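By convention here, the first residue in the shown sequence is residue 1. Reckoned from all heavy atoms, side chains included, excluding hydrogens, waters and symmetry mates. All values derive from a computational prediction rather than experimental measurement.
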Amino acid sequence: MTEGFTGQFIKIKGIVQGVGFRPFIFNLAENHHLTGWVRNSSSGVEITVNGDKSDIDKFIAEIRLNAPPLARIDSVITEIIPVDHFDSFTILTSLEESGNFVPISPDMSICPDCQREMFDQQDRRYRYPFINCTNCGPRFSIIRDIPYDRPKTTMAGFSLCKNCCREYEDPRDRRFHAQPVACPDCGPQVWLESGGKHLAEKETAIQQSRAWLHAGKILAVKGLGGFHLACDASNSIAVDNLRSRKKRSDKPFALMAFSLEIIRKYCEISAAEENLLTSPQHPIVLLRKKAGITLAEGVAPGQSSLGFMLPYTPLHFLLLEPEPGFPEVFVMTSGNLSEEPVAFVDNEAIQRLSGIADGFLMNNRPIHMRVDDSVTRVFEGQLYPIRRSRGYAPQSIPLPTSLHQILACGAELKNTFCLTRESQAFLSHHIGDLENYETLNSFETGIEHFKNLFRITPELIAADLHPDYLSSKYAVKRSEALALPLIRVQHHHAHLAACLVDNGWDSDESVIGLTFDGTGLGLDNVIWGGEVLIGNYRAFSRRFHLSELPLPGGDSAIRHPSKIALAYLLASGLDYPGTLAPATFLCYEERTVLRSQIEHKINTPLTTSMGRLFDAVSAMIGIRQAATYEGQAAIELEAICDPSEPDAYTIPFDGDTILIKPLLEQILQDWSSSIPQTAISTRFHNGLARLSVELCKQIRSETSLETVALSGGVWQNMTLLTKTLALLRQEGFHPLIHRQVPTNDGGISLGQVMIANKQISY
Ligand code: ZN
Ligand code: ZN
Ligand code: FE
């Protein structure tokens, strides 16, 4: 026996299943002349090796160094054990231990190897729309249960053919134990149907779908995590048809093009944006639109940017493959009616989308979990998430400390929920606006699925303070049914905490929170949204807020910026000319009702919302009077900003109140002097950035705090974010912004878990 011959047991935790980890270990062990075995367990991967001590050390070092691209190693624990005298190195069957959990890989875009094979005429998977390997393909969307093995995925119904079986069992093959492995002989197939008629299959179905897209038809395409609605983005009639059938009047559509070169014709792409577009996640990236491009205006009305993604499934490549005369850019919007969650079950999709789509490009691989496309942008060279879903969820977010097992139910709009286990937060995929039965249902089944996948039994439940959110109602019901403590978390406190966790903040030290958003219930029952907080994970105080102003009609005001503008002017006691845009937009009766509403305080809850202030300014200067989606007036106001405008409005504060009246006066004054909209909009943005810094300086003089967390939906405004950060840094502050979760309400549940955890001490 060699000197130093020994046995070692190694346990690895992290994303190590479904990412080609065992074949990687197998080959590594052989390279280092080690014998033993590797297997998946419910908590990660376990390895036993026999060999020379120095070889084992090199083997362990290389595990961390050369792990497969989709793997993430959280911990490696080793232990010396007696030598076992194995003949070889083998891969053992999975071991199931109840109660343990292993992180699950998100769905990943098709890898370059599979892409090459798919377009290789000699390959047996030539033009096969479900080609995948251990480095790519569906994961989260097809997993029914753990451990991640084929019988527990929606691929269970497809038995492997001889060739696939050989690849699946060969540790030297790229498809070794790739659970979704399939080929034209044994795997899922596509077909095209319309009006209940089966029109074509396989390659013919793809060719006919292309012809339909070319002809301006709207196609429902069953994809990775749900259905898309697709059409030619340069065809105005097709785009307008899609808008009217989908009942989505202005909200921008996501676009897909075959290659970066095509996208570059329409948008500016920085190196960081290119990296994000081509990353394994393949999210939608918001890119600056080039001037004079030839897409249908209806694709993204009033926007200065376009949301593009690259093909991320093999089917996308086949569908969009360039050809002379064939369209280059396609609308790829989620397959739903406005407001409803994206469809992902075949029958239901056909039922719900038949009034929208001319045809359905179907396939028989079931989707277990619906997952929407992620939406991102690049800010200062790094990811700035807007919707964290496909490719990212359910990857866990590291927490600064180990937490109780908590379920946080999030807010209402852009809902996500969050479950915790030890120091990991499992933030859900994007659920959507919890405003109807379908979305609520998807929220509830999502929670059950996550609890099961990650073996989490919540010890307490956290919810927003707002009693009427469906997520809060669910939390109350569940906490009563399960006799669990329920912790109500103030919305803006949750934003602040979310920004801190996002930045790995691990202390009890307080920070300044610039929490600017549209809506969140305050401690005093006022609708908050323009809040400057001082706080940490445990508690917060509200140091500054915008003036309280009346919101005519309450929540419905979101759709009526014109009414907000006039209500703010009237409540501030300001006279406005009859020629002001919102005054001409609303008819005499509407204005009379509004006046009386304000005067008698009828259905005019008070708000300090920053989002609504943007709506009011947008309407005042004639940008947008009626909005069809939340934030539209603000987005269009930002879109016209002029970077060369140096002036700023003065926004004073008195005690704890930021005064809006002087701001409205300056805007009225400029408007009356025919100052262009672009200048007014920019002066407003500049004024808010300066105000933010003045407020922080005031707090610093009182508390010496220098860290500033920027959270809330308003920080999706890149102009305001850029200007505010520059001033904060110039004044020596340490600003924190979101990097892993959205700054909008999609990040709320992550903040809720941290705050709830501090509330219990048992
Ligand atoms: Zn692949
Ligand atoms: Zn096969
Ligand atoms: Fe919010």
Using a 4.5 Å cut-off on heavy atoms from C-beta on, say whether the side chain of [Y] contacts that of [X].
X      : Y      : result
Glu531 : Thr608 : yes
His545 : Ile658 : no
Asp524 : Glu548 : yes

Less than 3.5 Å apart, any donor N or O on the side chain of [X] or [Y] sitting next to an acceptor on the other?
X      : Y      : value
Asp250 : Thr628 : yes
Tyr469 : Asn415 : no
His560 : Asp615 : no
Ser236 : Glu297 : no
Asn686 : Glu645 : no
Gln669 : Glu665 : no

Nearest heavy-atom pair of [X] and [Y]: which atoms, and what distance?
X      : Y      : answer
Ala565 : Pro582 : CB-CG, 4.0 Å
Ser472 : Pro467 : CB-O, 4.2 Å
Pro652 : Pro662 : CG-CG, 3.7 Å
Ser711 : His738 : OG-NE2, 2.7 Å
Leu580 : Leu668 : CD1-CD2, 4.0 Å
Ala411 : Ser471 : O-OG, 2.9 Å

So with a 6.0 Å cut-off around [atom1] of [X], is the heavy-atom count from everything else above 12?
X      : atom1 : value
Lys290 : NZ    : yes
Asp555 : CG    : no
Arg595 : CZ    : no
Ile293 : CD1   : yes

Specify whether Phe614 and His685 have parallel, tilted or perpendicular ring planes, treating 30° as the upper limit for parallel and 60° as the lower limit for perpendicular.
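The arrangement is perpendicular - the two ring planes meet at more than 60°.
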Parallel, tilted or perpendicular: which fits the ring planes of Tyr384 and Phe379, with parallel below 30° and perpendicular above 60°?
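Taking Phe379 first and then Tyr384, their aromatic rings sit tilted (interplane angle of 30° to 60°).
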Under the 3.5 angstrom rule, does the side chain of [X] hit a backbone N or O of [Y] as a donor-acceptor pair?
X      : Y      : result
Asp502 : Arg739 : yes
Arg390 : Pro283 : no
Ser547 : Ile660 : yes
Ser596 : Thr592 : no
Ser609 : Gly518 : yes
Asp517 : Val714 : no
Ser305 : Lys289 : no
Thr333 : Leu229 : no
Arg388 : Gly746 : no
Asn436 : Thr439 : yes

Enter the distance from [X]:[atom1] to [Y]:[atom2] here, rounded to the nearest 0.5 Å.
X      : Y      : atom1 : atom2 : answer
Leu659 : Asp654 : CG    : CG    : 5.5 Å
Ile737 : Leu728 : CD1   : CG    : 11.0 Å
Phe516 : Leu514 : CZ    : CG    : 4.5 Å
Arg542 : Thr515 : CZ    : OG1   : 9.5 Å
Ile675 : Thr678 : CD1   : OG1   : 10.0 Å
Gln752 : Asp464 : CD    : CG    : 6.0 Å

Does Arg248 make a cation-pi contact with Tyr629 (under 6.0 Å, within 45 degrees of the axis)?
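Because its charged atom misses either the 6.0 Å distance or the 45° angle limit, Arg248 does not stack over Tyr629.
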Proximity of His430 and Tyr392 rings by center, below 6.0 Å:
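No, too far apart.
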Where do Arg370 and Glu438 land on the salt bridge (charged side-chain N to carboxylate O under 4.0 Å, His left out) test, with the steps shown first?
CA-CA 12 Å; Arg370 80 175 174 93; Glu438 287 77 14; over 6 Å; no
Applying side-chain hydrogen bond (donor to acceptor under 3.5 Å, both in side chains), run through Thr719 and Glu638 and close with a yes or a no.
CA-CA 7 Å; Thr719 306; Glu638 186 203 349; 2.8 Å; yes
Going through the distances and angles, do Asp647 and Arg683 end up as a salt bridge (charged side-chain N to carboxylate O under 4.0 Å, His left out)?
CA-CA 5 Å; Asp647 289 349; Arg683 289 173 191 181; 3.7 Å; yes
Asp670 vs Tyr649, side chain to side chain contact (heavy atoms under 4.5 Å, CB included): CA-CA, chis, key distance, verdict:
CA-CA 10 Å; Asp670 273 358; Tyr649 294 130; 2.8 Å; yes
Please report the C-alpha distance between Glu630 and Arg612 in whole Å, then the side-chain angles of each, then the deciding distance to 0.1 Å, and finally whether the salt bridge (charged side-chain N to carboxylate O under 4.0 Å, His left out) criterion is met.
CA-CA 10 Å; Glu630 206 227 355; Arg612 298 298 83 78; 3.5 Å; yes
Side chain to side chain contact (heavy atoms under 4.5 Å, CB included) between His491 and Leu465: does it pass, once the steps are laid out?
CA-CA 7 Å; His491 188 93; Leu465 207 55; over 6 Å; no
Please determine whether side chain to side chain contact (heavy atoms under 4.5 Å, CB included) holds for the pair Leu710 and Leu721, giving the CA-CA distance in whole Å, both sets of side-chain angles, and the decisive distance to 0.1 Å.
CA-CA 9 Å; Leu710 283 72; Leu721 182 65; 3.8 Å; yes
Mind running salt bridge (charged side-chain N to carboxylate O under 4.0 Å, His left out) on Arg288 and Glu273 for me, showing each step along the way?
CA-CA 10 Å; Arg288 179 149 284 277; Glu273 286 162 344; over 6 Å; no
Walk me through whether Gln632 and Glu636 qualify under side-chain hydrogen bond (donor to acceptor under 3.5 Å, both in side chains).
CA-CA 6 Å; Gln632 184 180 14; Glu636 293 177 9; 3.3 Å; yes
Check each of Val331, Leu219, Asp358 against Leu213 using the side-chain contact (heavy atoms from CB on, under 4.5 Å) test, and report the only one that passes.
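The side-chain contact (heavy atoms from CB on, under 4.5 Å) with Leu213 is passed solely by Leu219 among Val331, Leu219, Asp358.
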